[in-house]
Amino acid sequence: MNMLGPRAYENLFQTKHEPMKEYEVQHEDKTYVYSYNWEIIEIHGGMTAFKEWCIEDAVERQGEYADRKEE
């Protein structure tokens with residue numbers, strides 16, 4: 001049986017998580033909404049790269065990975 005160490009327990013259960021933020025991309029009369037936090041920005045290598053990925057998704061894949069689509 002695996003046990004959580006004291007730091008893992010603190011990070012998992014006691015650390016206040018920052019709320020998700022949203023980035024919107026407007027394309028062809030539609031709004032594509034992408035949620036993000038610091039972890040997602042880190043995965044993409046920075047905010048600029050994340051925004052570029054969102055724009056590419058909206059333009060080339062009609063917002064396939066968007067969290068919400070609004071017309």
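To the nearest 0.5 angstrom, Y23 atom OH is 10.5 Å from I41 atom CD1.
When the side chains of ILVMFWY residues are joined at heavy-atom separations under 4.5 Å, either directly or via intervening members, V59 and Y65 end up in a single hydrophobic cluster.
The minimum heavy-atom distance between D57 and A66, with the atom names listed, is OD2-N, 3.6 Å.
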Validation: residues 46-56 side-chain donor-acceptor distances under 3.5 Å, sequence neighbours left out:
none

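Residues meeting the side-chain contact (heavy atoms from CB on, under 4.5 Å) test with E22, sequence neighbours left out: V33, S35, R68.
Y32 pairs in a side chain to side chain contact (heavy atoms under 4.5 Å, CB included) with only one of the listed residues (K69, R61, E70), which is K69.
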